[in-house]
S.K.: 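Would you mind keeping the following structure in view while I ask a few things?
The sequence lines fix the lettering, A, B, ..., with proteins before strands; numbering per chain opens at 1.
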Amino acid sequence: MRLSQGFWQTYKETPNDAEIPSHQLMMRAGLIHKTAGGLYTYLPMAFRSIKKIEKIVREELDRIGCYEVQMSVITPAELWKETGRWEAMGPQMLRIKDRAERELCVSPTNEETVTDVFRKTINSYKQLPVCLYQINTKFRDEIRPRFGLLRGREFTMKDAYSLHIDKDCLNAFYEKMYGAYVAIFKRMGLDFIVVEADGGAMAAGGAKTHEFQLVADIGEDTLVTVPATGYAANIEKAPTQRTGLKPQVASELTRFSTPNQKTCEEVAAAHGFDITHTLKALVMQVIRGEKTHYYMVMLLGDDQLNEVKFKNAMAADHVRPAQAHELEKLGLIKGFMGPTVEVQGLSVVYDLTVDMNSSYVVGANVAEHHMKGFVPSRDTKGNVKSLDLRLAKEGDVMNGQPIVMKKGIEVGHVFQLGDKYTKSMGATVLNAQGKAITPLMGCYGIGTTRTLAAAIEQNHDQDGIIWPAAIAPYDVYFGVIAKTDETKKVAEDIYQTFLAAGIEVLYDDRGMGPGGMFKDADLMGLPCRVVLGERDFAATGEIEIKVRKTGETLKVQKNALVATLKEKLQSLGKWA
RNA sequence: CGGGGCGUAGCGCAGGGGUAGCGCACUUGCUUGGGGUGCAAGAGGUCGCAGGUUCAAAUCCUGUCGCCCCGACCA
């Protein structure tokens with residue numbers, strides 16, 4: 001493309017509302033235009049990249065036998081009511097009504113739609129397994145969209161859905177899809193890790209799920225990795241252990257005064273206790289169906305509750321910390337609660353890390369007092385239960401191996417849905433015995449527009465973007481510094497040579513000064529920059545190639561230009 | 001939804017009852033040529049919107065809409 005005729009504008013200043021590098025750079029480099037909060041227009045440069053990402057996705061999915069479809073973006077309420085998600089999705093789902101007052105929504109995801117397709121078209125086990133996918137617009141009315149394309153409201157996602165006769169078949173396909181995902185992100189040249197994830201309410205028992213995470217400091221997910229074993233998990237899931245805990249010999253239970261000392265830290269500091277010899281008590285509200293329960297959760301003084309683990313362990317629909325008025329109703333005093341009295345409607349659970357036969361400091365359930373010498377197995381009022389509930393943290397180990405924590409951006413998710421949708425929507429197929437059975441489903445997502453933003457988040461420097469070659473909008477930024485018509489003719493000739501050789505080139509024929517041109521080239525960050533400088537060319541016949549990623553510069557003769565460039569692009573992963 | 005902040009040219013900002021401003025970007029001409037060259041001349045605004053106060057409102061008051069941050073929330 002010739003920039004003199006192109007639709008491209010760069011900016012020296014960063015718009016106020018862009019906070020993180022990828023968002024700032026996408027605005028400054030003229031990749032996206034904000035239409036409204038969480039809504040973006042993809043401008044030509046960004047759209048070229050998106051199409052390259054989509055192409056890689058399509059190639060790898062087609063390779064494992066998936067079929068591309070396109071489902072309607074607007075879907076009727078009836079389908080969602082069948083699975084109960086018309087209510088469950090909440091305000092995140094954008095609902096609309098047509099002229100006949102029929103209820104519709106802008107799809108945030110498409111399990112219902114695809115299950116409807118499956119149940120009406122698949123009748124026999126002979127048609128299975130099958131996997132349909134689409135790359136389509138989704139809308140989720142996020143409470144707080146932010147970070148540009150990383151958390152927009154409208155976004156593009158590849159969503160795939162597979163259907164299987166049994167668990168073995170689902171497992172086998174899951175592995176294939178997992179492999180395809182690895183291939184996809186590798187080809188894109190991105191630094192990713194696959195982590196075990198939490199299935200949440202969508203998981204059938206024991207269902208597998210993995211997240212594909214791009215490692216980046218601004219990631220909203222925390223990942224626990226074990227370099228020694230290669231294990232990796234989302235922190236929501238990771239069952240790590242503490243080290244260096246010392247049990248304390250059981251002693252007599254004694255109440256002591258702790259005026260205005262409401263946290264474990266305060267109590268430990270004021271009385272010289274080790275923080276790991278104190279227990280913190282959290283009261284959580286747990287909702288299961290129509291019923292509400294309260295639990296007192298006991299953790300080591302410096303541990304935190306992992307609400308996802310807790311929610312799963314409780315088989316709850318919802319959990320949240322109890323509010324002040326609820327504590328009051330239970331007769332508990334915030335800051336001085338402990339499992340030292342029996343409370344109607346309140347159960348006690350311990351984190352596994354708590355040594356049930358060791359002695360701890362706990363709240364006394366008396367204002368301004370705690371107790372020491374508390375031994376959980378001996379002194380807890382009511383049933384004693386131990387579960388893994390704590391949030392993993394730096395310094396933990398897994399099976400004796402040290403962990404490393406990282407931040408990640410979730411760009412892909414593979415998930416075994418089991419029969420959740422096929423069952424509630426009445427999809428059945430006949431098996432080899434002629435018996436109607438409920439098939440199993442898997443679902444697999446890749447946020448394509450999020451991947452674009454995350455790729456920039458992962459690949460940039462202070463001057464601009466550093467595109468991975470496989471998804472760069474163009475391969476080469478070709479700039480010319482020329483006064484004479486002869487040199488301009490040489491430039492035109494080189495441009496045509498690039499086009500003929502299949503090199504995607506952004507030809508900067510705007511005639512601006514070298515400074516501005518270099519700044520724009522660095523900001524845009526195409527893999528290679530080629531510069532034809534009149535003086536150098538006249539003197540030596542050489543043309544300069546600069547690799548954006550490494551800063552490497554080489555000068556070649558005109559006739560060696562294409563070959564050298566292709567070699568460079570190859571090594572940068574352009575044809576991965 | 002709670003707390004905080006901001007809405008003045010495409011972007012970044014100043015101004016603060018009486019002629020609408022600066023820098024970048026944009027247009028034209030000359031100039032310059034290896035890290036945003038310089039000079040000159042231009043174009044671009046119902047100061048978010050609606051009421052109110054006033055001889056006069058971008059400015060003061062009320063309401064409203066939008067945006068950003070923190071939190072809550074989030075199969």
Side-chain angles (χ1 to χ4, degrees), chain A residues 8-20 23-24 27-30 33-39 43 80 83-93 107-112 138 140-148 151 153 159 197-204 207 209 220-221 236 307-308 311-312 316-321 323 410 413 415-418 420-421 424 441 443 445 462-464 477 479-484 487-488 508 510-524 529-539 542-544 546 551 553 555:
Chain A
W8 189 46
Q9 172 76 272
T10 59
Y11 304 89
K12 280 187 195 170
E13 308 206 61
T14 305
N16 244 339
D17 55 3
E19 281 236 310
I20 60 163
H23 189 192
Q24 294 175 343
M27 296 298 296
R28 283 194 52 212
H33 174 261
K34 179 166 152 179
T35 307
L39 305 175
L43 298 175
W80 298 85
T83 60
R85 288 213 293 181
W86 186 254
E87 286 75 31
M89 291 297 289
Q92 180 185 171
M93 189 155 80
S107 298
T109 174
N110 289 79
E111 283 81 7
E112 280 81 357
K138 303 286 180 294
R140 294 183 190 177
D141 200 358
E142 296 280 346
I143 294 174
R144 191 141 90 82
R146 60 183 130 180
F147 301 152
R151 183 174 290 282
R153 293 195 291 170
D159 45 328
D198 173 68
M202 272 178 76
T209 174
E220 295 186 275
D221 290 324
E236 293 179 344
E307 287 197 21
V308 175
K311 183 178 162 195
N312 291 341
D317 297 317
H318 268 287
V319 301
R320 64 163 176 78
Q323 293 170 352
E410 183 190 344
H413 200 160
F415 205 103
Q416 295 191 353
L417 292 170
K420 182 179 163 94
Y421 295 94
S424 58
M441 272 174 74
C443 75
Q462 67 279 7
D463 294 322
Y477 191 103
V480 185
I481 307 165
K483 257 196 193 124
T484 65
T487 312
K488 285 176 186 163
D508 192 346
R510 293 174 294 182
M512 61 195 290
M517 201 162 66
F518 295 157
K519 288 287 182 191
D520 269 356
D522 285 344
L523 178 59
M524 188 59 197
R529 185 186 83 190
V530 171
V531 174
L532 171 66
E534 192 162 78
R535 271 199 303 247
D536 287 359
F537 186 72
E542 285 178 333
I543 293 156
E544 177 192 88
K546 185 169 186 188
T553 308
K555 304 205 170 197

S.K.: With hydrogens left out and only the distance checked, is there a donor-acceptor pair under 3.5 Å joining A:E13's side chain and the base of B:G23?
M.R.: yes

S.K.: To the nearest angstrom, how far is A:R153 atom CZ from B:C74 atom P?
M.R.: 19 Å

S.K.: Nearest whole angstrom, please: distance from the P of B:G33 to the CZ of A:R535.
M.R.: 7 Å

S.K.: Decide whether A:E544 and A:T553 meet the rule of one side-chain donor and one side-chain acceptor closer than 3.5 Å.
M.R.: no

S.K.: Counting the atoms with a prime plus P, OP1 and OP2 as sugar-phosphate, which does A:R146 contact under 4.0 Å by heavy atoms, base, sugar-phosphate, or nothing?
M.R.: sugar-phosphate

S.K.: Mark yes or no for whether A:W8, through its side chain, and A:L43, through its backbone, hold a donor-acceptor pair below 3.5 Å.
M.R.: no

S.K.: Any donor-acceptor pair under 3.5 Å between the side chain of A:R529 and the base of B:G35?
M.R.: yes

S.K.: Give the rounded distance in Å between these two atoms: CZ of A:R28 and P of B:C24.
M.R.: 16 Å

S.K.: Provide the distance between the two P atoms, one in B:C22 and one in B:G42, to the nearest whole Å.
M.R.: 13 Å

S.K.: Ignoring hydrogens and angles, are the base of B:G35 and the side chain of A:K546 linked by a donor-acceptor pair under 3.5 Å?
M.R.: yes

S.K.: Using OP1 and OP2 only, check whether a side-chain N or O of A:K34 sits under 4.0 Å from B:C68.
M.R.: yes

S.K.: Which is more 5' along RNA chain B, the nucleotide nearest A:A36 or the one nearest A:T10? Just name the residue.
M.R.: A:T10

S.K.: Classify the nucleic acid contact of A:G515 as base, sugar-phosphate or nothing, counting any heavy atom under 4.0 Å across all strands shown.
M.R.: sugar-phosphate

S.K.: I want to check one thing: is the phosphate of B:A25, taken as OP1 and OP2, less than 4.0 Å away from some side-chain N or O of A:K12?
M.R.: yes

S.K.: Are any of the side-chain nitrogens in A:E307 or A:R320 under 4.0 Å away from the carboxylate oxygens of its partner?
M.R.: no

S.K.: Can you figure out which of B:G34, B:C67, B:C73 approaches the side chain of A:F518 most closely?
M.R.: B:G34

S.K.: Would you call A:R510-A:D520 a salt bridge at under 4.0 Å N-O?
M.R.: yes

S.K.: Find the distance A:Y477:OH to B:G34:C1' and express it as a whole number of Å.
M.R.: 14 Å

S.K.: Expressed in whole Å, how much space separates the P atoms belonging to B:A75 and B:C6?
M.R.: 34 Å

S.K.: Does A:G37 reach a base, just sugar-phosphate, or nothing at all? Heavy atoms under 4.0 Å.
M.R.: sugar-phosphate

S.K.: In whole Å, what separates the P atom of B:A41 from that of B:G36?
M.R.: 25 Å

S.K.: What's the closest nucleotide to the A:R144 side chain, out of B:A25, B:G34, B:C70?
M.R.: B:C70

S.K.: When you measure from the side-chain N and O atoms of A:K483 to the phosphate of B:G33, is any distance below 4.0 Å, counting only OP1 and OP2?
M.R.: yes

S.K.: Check every atom of B:G36, B:G12, B:C74 against the side chain of A:P15 and return the nucleotide holding the closest atom.
M.R.: B:G12

S.K.: Can you tell me, in whole Å, how much space there is between the C1' of B:U46 and that of B:U37?
M.R.: 39 Å

S.K.: At less than 3.5 Å, do the side-chain atoms of A:Q9 and the base atoms of B:G10 form a donor-acceptor pair?
M.R.: no

S.K.: For Watson-Crick and G-U wobble pairs within 3.5 Å on both distances, what is RNA chain B written in dot-bracket notation, | included for inter-strand pairing?
M.R.: ((((((((.[[[[.)..(..]]]].(((((.......))))).....[[[[[..)....]]]]])))))))....

S.K.: Considering every strand and a 4.0 Å limit on heavy-atom distances, what is the contact class for A:A482: base, sugar-phosphate, or nothing?
M.R.: base

S.K.: Is there a donor-acceptor pair closer than 3.5 Å between any side-chain N or O of A:R140 and the backbone N or O of A:P108?
M.R.: yes

S.K.: How would you label the contact of A:E19 with the nucleic acid (heavy atoms, under 4.0 Å): base, sugar-phosphate, or nothing?
M.R.: sugar-phosphate

S.K.: Let's see if you can work this out: which of B:G33, B:G36, B:C74 has an atom nearest to the side-chain heavy atoms of A:Q92?
M.R.: B:C74

S.K.: Using whole Å, what does the distance between atom C1' of nucleotide B:A75 and atom CD of A:E410 come to?
M.R.: 12 Å

S.K.: May I ask you to evaluate whether A:N16 reaches the phosphate of B:C13, defined as a side-chain N or O under 4.0 Å from OP1 or OP2?
M.R.: yes

S.K.: Do A:E112 and A:T83 meet the criterion of a side-chain donor-acceptor pair at a distance under 3.5 Å?
M.R.: yes

S.K.: Within the distance-only criterion (no hydrogens, no angle test), does the side chain of A:R146 pair as donor or acceptor with the backbone N or O of A:R151 below 3.5 angstrom?
M.R.: no

S.K.: Round to the nearest Å and state the distance from A:I20 atom CD1 to B:C69 atom C1'.
M.R.: 14 Å

S.K.: Measure from CG on A:L523 to P on B:G36 and round the result to the nearest Å.
M.R.: 15 Å

S.K.: Apply salt bridge (Lys or Arg N to Asp or Glu O under 4.0 Å) to the pair A:R85 and A:E111, showing each step before the final yes or no.
M.R.: CA-CA 10 Å; A:R85 288 213 293 181; A:E111 283 81 7; 2.8 Å; yes

S.K.: Whether the side chain of A:D17 engages the backbone of A:E19 through a donor-acceptor N/O pair (distance < 3.5 Å, no angle test) should be reported.
M.R.: no

S.K.: Does the base of B:G35 carry an N or O that pairs as donor and acceptor with the side chain of A:D522 under 3.5 Å?
M.R.: yes

S.K.: I'd like the P distance from B:G66 over to B:A57, given in whole Å.
M.R.: 27 Å

S.K.: Taking atom C1' of B:A75 as reference, at what distance in whole Å does atom CG of A:D159 sit?
M.R.: 14 Å

S.K.: Between B:G3 and B:U64, how far apart are the P atoms? Round to whole Å, please.
M.R.: 14 Å

S.K.: Using atom C1' in both nucleotides, what's the gap between B:U8 and B:C67 to the nearest angstrom?
M.R.: 15 Å

S.K.: When you measure from the side chain of A:T484 to the backbone N and O of A:T487, does any donor-acceptor pair fall under 3.5 Å?
M.R.: yes

S.K.: Assign each of A:E307 and A:G516 to its nearest nucleotide of RNA chain B by heavy atoms, then name whichever residue's nucleotide is nearer the 5' end.
M.R.: A:G516

S.K.: When rounded to the nearest Å, what value does the distance between C1' atoms of B:G10 and B:G44 take?
M.R.: 10 Å

